[in-house]
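Every chain is numbered from 1, with letters handed out A, B, ... down the list of sequences.
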Amino acid sequence: MSRRGKYLWFVLDDGTAERALVAHLGMSGQLLLIDPADVPERVRMNHVRVTFDLTGSRDLSEARQLWFVDQRTFGGLFVDDLVDDGAGGAVPMSICHIARDPLDPLFDEARFVRELRKRESGIKRALLDQSLISGVGNIYADEALWRSRLHFDRSCSRLSRSVVTGLLEAVRDVMVEALAEGGTSFDDLYVNVNGESGYFDRSLHAYGRAGDPCDRCGRTMVRESFMNRSSFRCPNCQRRPRSLETGT
DNA sequence: AGTCGATCCTGCAGGC
DNA sequence: TGCCTGCAGGATCGAC
């Protein structure tokens, strides 16, 4: 199995290895290893979209299956042609625009810093742009911004090289810590392939903490609407950029 | 070309 | 009790 950002794929063994089965979990998608004779109670059958027989066995008591389960159907499965990724590997054609994630040894840090600083948009929009950097979603973006003391609407083009580098380091720290704790689970929708929850939600400093004191300075954290979703920040540590302030 | 807001979906929580 | 509204958010699309 291979991965690029939030996409993962299985090369189809048809003798040519030119095509892959690509999956994206979206918001609520799950890939689960299931014994069909013993389906966990939490799996809602009306959310089961695709099942794969992994053994080929006709004996259901021995069968292990890979299930693609998705409540909100933001995820998906599709077959795609593989193309050269420019580094001796292959990547599905439809996701070749997705950048590598910052933990990937081949992540091009210089390119990320250069391209980000050309953007006229706010910094959080850039962090969520998978063609610049992949693997960062709303939660990890908020966490990295909190650690870097940056407001989500700070203009990319006005950030110094060192600030961007520091932010990238914060993104990496968040990802490494989240992985070590098994990811972020709020409920049964967020589990690994064996149905197990992660514990990173207990380590969040920003996301979902509106009304709570900032872990750094004690000021009350706030929630704001951003890109039709939520942004959480400390109004003291992560000041609104002057150019966006109203009034004086 | 770059930027931005709207949109898709379902289940659940909260208000009245 | 039950209806209604808002919210969760990755990625894409059309508008400007």
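- Within the nucleic acid shown, A:D129 has no heavy atom closer than 4.0 Å to any nucleic acid atom.
- Counted by atom type alone, A:S231 and A:K124 present one or more donor-acceptor pairs between their side chains at under 3.5 Å.
- Nucleic acid contact class of A:N138 (heavy atoms, under 4.0 Å, all strands): sugar-phosphate only.
- Electrostatic pairing of A:E120 and A:R158 does not count as a salt bridge here, judged by no charged N lying under 4.0 Å from a carboxylate O.
- Contacts between residues 107-124 of chain A and DNA chain C, defined by a heavy-atom separation below 4.0 Å, involve no residue at all.
- One axis for each end of the helix from B:dG2-C:dC16 to B:dC16-C:dG2, each built from five base pairs, and the angle between them comes to 50° at 10° resolution.
- With sequence neighbours excluded, no residue forms a side chain to side chain donor-acceptor pair (under 3.5 Å) with A:T51.
- Pairs engaging residues 109-136 of chain A under the ring-ring contact (aromatic ring centres under 6.0 Å, His included) rule: A:F107-A:F112 [sequence neighbours left out].
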Check residues 18-25 of chain A and write down every donor-acceptor pair under 3.5 Å in which the side-chain atom is one partner and the other belongs to a residue at least two apart or another chain.
residue, atom, partner, partner atom, Å
A:H24, ND1, A:G26, N, 2.7

Protein proximity profile, nucleotides 11-16 of chain C - base contact B, sugar-phosphate-only contact S, no contact -, cut-off 4.0 Å on heavy atoms: BS----
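- Under the rule for a ring-ring contact (aromatic ring centres under 6.0 Å, His included), A:W9 has no partner lying at least two apart in sequence or in another chain.
- In 5' to 3' order, the nucleotides of DNA chain B bounding all contacts with chain A (an atom under 4.0 Å from a heavy atom) are B:dT3 to B:dC12.
- A salt bridge does not link A:R229 to A:E224: none of the charged nitrogens lies less than 4.0 Å from a carboxylate oxygen.
- Every pair passing salt bridge (Lys or Arg N to Asp or Glu O under 4.0 Å) that includes a residue from residues 68-95 of chain A is listed here, sequence neighbours excluded: A:D85-A:R100.
- Counting non-hydrogen atoms of other residues, nucleotides and ligands closer than 6.0 Å to CZ of A:R216 gives a total above 12.
- Note on A:S230: only backbone sugar-phosphate atoms sit closer than 4.0 angstrom, heavy atoms only; bases stay farther off.
- With sequence neighbours excluded, no residue satisfies side chain to side chain donor-acceptor pair (under 3.5 Å) with A:Q130.
- Look at A:R111 and A:D108 and you find no salt bridge, because none of the NZ, NE, NH1 or NH2 atoms lies under 4.0 Å from a carboxylate O.
- Contacts of A:S203 classified as side chain to side chain donor-acceptor pair (under 3.5 Å), with partners at least two apart in sequence or in another chain: A:E181.
- Residues passing the side chain to side chain donor-acceptor pair (under 3.5 Å) test with A:S225, sequence neighbours excluded: none.
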